[in-house]
Amino acid sequence: MRFKQALRQLSNPALPSLALLWLILLLIVGTIAQKYEGLYAAQQAYFASYFFTWGFIPLPGAKSAILVICLGIIAKLSQPYVWRWRQIGSNITHAGVLFLLTGSLLIGQDKLEGALVLDQGQDKNYSEDYYSTELVLMPVNSSNRIPVVFRQNEFLQANRQKELLSSANLPFDLQVTGFFSNVDLERVSSDDEQAVSNIYKGFAKIYKLVAKDSELKREENLSGLNFAIYDSQGQLLGRYAIFEQMSIIQTINHQQKTYQAIIRAERHYLPFTLRLVDFKATYHPASQVARSYESVVNLEVGDIDAIDGIDQRAVISMNQPLRYKDWTIYQSAFISNAERETSILIAVRNSARLIPYIGGLIIACGLLLHLFIRLSRKRLSLSQSRT
Amino acid sequence: MMRKLIIIILIWLLPLPAIAEQDTGKHRYDYHAFSLLPILHQGRIKPLASFARLHLKLFTHSETLPIGSTAASGKLTASAWLAEAILTPEASYQRPLFKIRSKALIDILSLKGGQDNSDRYSFYEITQALRDNQQLVNNLRGQDFDQLTPAQQELLNLAQKTVIYFEISRTMTLFDPIFTINNRAYATELGLDVGTNYNYLEAIRSQPQLIKLLQQEFSDRQANDSDNLVDSNLAKLLSFGNLLDSISNDRNSLVVKVLPTTNRNDLTWTSPWENIATGGNPSTARLFSMWQELINSYNAGPNQTWLDTTETLLSTTLEQADYPLWRLELEYFYNRAELFKWGMLLYIFALLLMFAIIAYHSYKKLPASADEPVYKVGYKFMTHKFFYRLTYVLVGSGLILQINGIVIRTLLLNRPPVTNFYESLLFVTAACVLGGLVFEHLKRQHHKYRGLALAATSGIGLSLLSFYNLVQEDTGDSMQMLIAVLNTNYWLATHVVVITLGYAASIIAGLLGHIYLGNYVFQIHTYGKINHGTASTDLSNSIFAMTLIALFLMVFGTILGGIWADQSWGRFWGWDPKENGALLIVLWLTLMLHSRLTALVKKHIFAAAAVILNVAVALSWYGVNLLNIGLHSYGFIDSGRLIGLSAFIIIELLFVLICLEYGRIKLRFSMSSPKGHQHKEVR
């Protein structure tokens, strides 16, 4: 009884309307913020969040507003009085909206996107995340060459909780003491403690990482990391500093073993290997406007010599991506210079791909039906008034 | 039937005065065939006239070039200007051409008034001034363009324009007969005739002999220990060599690609210089001699030879390229007819006619009905049968011209009607005017609103087309080729067309909202009663229906866009600014409809929301372009128009606020009168 009452309360259009209005405001503010905070940062803050803070005031994000709207639709559709023939179009439309929103909220979460930057002839079986990084410790002189990887989420969480990162494959523990999404380097003066103390190792002995304002484009940022390593007794062994694309790789020596410490874009390993066979850019004649650019690739799955192996030649061009299972690989950009041609492909995994198609179809059918019913009712009332 | 036929013929004849446009310069060459000569430029084959208009506009901000300081001196058409520039470059360098708008730049370059006291300067004047300021130009080139002052930016643009102009002007220099040898001995050595004028192509053949001859002359003089190493004969021979060197620098003149290949599908057309650099081919030799002949006949003055040569050149080029003449003629007609400007003019006439009738009859206070407000008096006459039909014809004619323009563009470019912002302006205007006419036709029996939709329609047609002209002014070529991601006619014809129709439907709903609100203010009677009669309810229903149609189109268009994004980028939705813009309209329409259906708002608030819908459309259609970010940034334009957009938003919001507040105050004031309490609002 109480549940029914609550549903009736929720079916009141005032609250979803308010949520709709809030969503409109967020959309305007978030879109403008994309210009100043960067596309991804603004998207995360306003559209992909349940709550965000404005100054110190917590405010509902787009997901909360969508949730309220979904609840409103469910409550409305649960009311028996809405199930009349003349409202069937409207109901179908609302059901379509509900399907689209909830589907995107629930299933759309596992979307994965990364770039494959391939030179002609090169192959890769991973894409690189556009926003997230990872810390890699690669054994150099060991028979076991499996790298130990800590993802950005992982080491940031450990950093927040002041915990040590450890792995069975590592003879030491590790603590991240600072992460910078964009860094500048500052030379340490010779009398500085960092230069004198033996606890600072390698690059950290000479340079300090200094936080720098993030650029709006991810590729213009260089992430940096300060970390310390400890032995199993909790004894501090050394402090290190690394940043993306270091020309000399930082090494860690411990118990006659050497590890390379690297921070790089997070890698998403793909269920296939992609080899760039050829890249072609064609322009409209007598102009600098690209008419098309396309990558000829080889998609290789498993052992290509085995019966179940796949070695498939495909062409990826604008509006013509390559699809393999849940993955879509599309042509994003290219770098062309005298030395070589580099193709930038984006690999996206989207297991909720069909939801918008189905949702869109339901909404379009519902709206058409609603328009049709309205028009025929109007025609009927007109003919009645004439008679 | 006959009357209708006459009206239709008259409409079709409207653009004729524009076609009759002729250059009124001293030389009356017939440039028709010259204008139609095909050229490969920016990815497509177009008539030389289009190329000329585009570049003349770039240099002078005008599609014709005044000859003197007064209008009586006449003007050159773009084709006439181009003919002079490429056929007699040295003469064209003295003609005032480059228009400088910035007073600060004129000061920087220390330019005095142009030759004809205008703000246009000749190539010689500009290059001299740029040479004097070479250091400054070099410094500015090393800086971030966006950080420069407007005058500095214009300076760099001007320098770039002179480079483009010079490149165009040097196109045919290889045909200029400017090489002469007067010394018999030298002429014999070089294998040339004494005193004969040779062009570069002929003179360059003697280059090996020339080098040998010069070496011989110098070594002889050095051996003889002559005091006079270079006498006048040798100086002339040296200048012959220098001229050869200097003209061969023009080999970088590549932009005027008028020499076709023999294969229709092969668009590697070349400029004359490019052609000789690539070795040339026998088929172009014929065209070479024709261009040579063209220069000679141009120098000989306007006569039959010029006409014959241009016509032969045109037919030969088309034959070689296997290209249809009708396409060139159609584009030539399109450019000269200026259908959109004529359409705009007709909308202005329609609007002015309505204003004039209202003003005239309001002034005369006819019919003499004391208690009728002034606007109603004029309004009655506005709907007078003759004027009403005349306005209909004017707006309809404007629409026909506009549709013609859109169809011609579609035919010329071989692609759907909307592919960029400028085309969306044209398409949305046509859709709005068509929608307005249909609405007017449906409501023609409703005397209360008769004519209002026509007025509003012509108003919106006028404003959007004016905006189109403004935007096109900045862009130059509005018929550019499409970038790779847009090279798909299927999605352009579906997603883009449906979305732009959604914009049009939203704008019509907004217009009806304006009419409703305007009427709402006048409908509050002195006794505090809002007389929402059947007409008012009818209008509100129309807004509702239009909102529903707009929602359907916007939702359908957005879904199609999502499918396109999924097909191309592997994701349906990415919160890209352009996507957010479309979603903004969808959400606002949804909010409007739900508020109305659930009686959350009254009719006048619903109408106010329809007015604000126009703001949402402006933000989505135009506003997000100003951000210049995201995957859709290919459709973007320069970001210097924020003030215009802000002004539009403020005016719309003020309109809503004033109407609602004025209505509220009027209602409260009248309600406070003793009689007012007896009335209730009728909804």
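Note that this is a predicted model, so its numbers are computed, not measured. Residue numbering restarts at 1 for every chain, and letters A, B, ... go by the order of the sequence lines.
Residue B:Phe606 qualifies as enclosed at atom CZ: its count of foreign heavy atoms under 6.0 Å is above 12. Heavy atoms from other residues, nucleotides or ligands lying under 6.0 Å from CD of A:Glu220 number more than 12.
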Under the side-chain contact (heavy atoms from CB on, under 4.5 Å) criterion, do B:Ser253 and B:Ile168 qualify, and how do the steps go? CA-CA 7 Å; B:Ser253 177; B:Ile168 292 172; over 6 Å; no
Go through it in stages, so that I can follow the logic: the residues are A:Leu112 and A:Trp327, the test is side-chain contact (heavy atoms from CB on, under 4.5 Å), and I'd like the CA-CA distance, side-chain angles, deciding distance and then a yes or no. CA-CA 9 Å; A:Leu112 208 59; A:Trp327 290 88; 4.1 Å; yes
For the pair A:Ser127 and A:His268, evaluate side-chain contact (heavy atoms from CB on, under 4.5 Å) and give the outcome as yes or no after the intermediate values. CA-CA 5 Å; A:Ser127 69; A:His268 304 300; 3.6 Å; yes
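Between A:His94 and A:His370, the ring centre distance reaches or exceeds 6.0 Å. In this structure, the ring of A:Tyr130 has its center no less than 6.0 angstrom from the ring center of A:Tyr40.
Only the side chain of B:Leu600 has a heavy atom closer than 4.5 Å to any heavy atom of chain A. At a 4.5 Å heavy-atom cutoff, the contact between B:Phe552 and chain A is made by backbone and side-chain atoms alike. For B:Thr268, no part lies near chain A; criterion is any non-hydrogen pair under 4.5 Å. Heavy atoms closer than 4.5 Å to chain A are found nowhere in B:Leu560, neither backbone nor side chain. Looking at B:Phe544, the atoms closer than 4.5 Å to chain A (heavy atoms on both sides) all sit in the side chain, from C-beta outward. Both the backbone and the side chain of A:Ser287 have a heavy atom closer than 4.5 Å to some heavy atom of chain B. For A:Ile28, the part lying under 4.5 angstrom from a heavy atom of chain B is the side chain only. Of the two parts of B:Trp269, neither the backbone nor the side chain holds a non-hydrogen atom closer than 4.5 Å to a non-hydrogen atom of chain A. Of the two parts of A:Arg349, neither the backbone nor the side chain holds a non-hydrogen atom closer than 4.5 Å to a non-hydrogen atom of chain B. Interface residue A:Ile363: only side-chain heavy atoms are found under 4.5 Å from chain B.
Listed options B:Ile559, B:Ile563, B:Val555, B:Leu583 were ranked by heavy-atom pairs under 4.5 angstrom with chain A; first place goes to B:Ile563. Ranked by heavy-atom pairs shorter than 4.5 Å toward chain A, the options B:Thr590, B:Leu548, B:Leu254 are led by B:Leu548. Ranked by heavy-atom pairs under 4.5 Å with chain B, the first of A:Ile24, A:Leu371, A:Val348 is A:Ile24. Per-residue counts of heavy-atom pairs under 4.5 Å with chain A were compared for B:Thr558, B:Asp566, B:Leu267, B:Ile549; the largest is that of B:Asp566. Per-residue heavy-atom pair counts under 4.5 Å with chain B were compared for A:Met318, A:Gln320, A:Glu113, and the maximum is reached by A:Met318. Counting heavy-atom pairs closer than 4.5 Å to chain B, the top residue among A:Leu27, A:Leu367, A:Val289, A:Thr328 is A:Leu27. Ranked by heavy-atom pairs under 4.5 Å with chain B, the first of A:Pro285, A:Ala281, A:Pro321 is A:Pro285.
Scanning all heavy atoms of the two residues, the minimum distance from A:Pro60 to A:Leu26 falls at O-CD1, 3.8 Å. In terms of heavy atoms, A:Arg353 sits closest to B:Gln567 at NH2-NE2, 4.1 Å.
Classified by interplanar angle (parallel below 30°, tilted 30° to 60°, perpendicular above 60°), the ring pair A:Phe279/A:Phe334 is tilted.
By the 6.0 Å and 45° rule, A:Arg291 does not stack over the aromatic ring of A:Tyr283.
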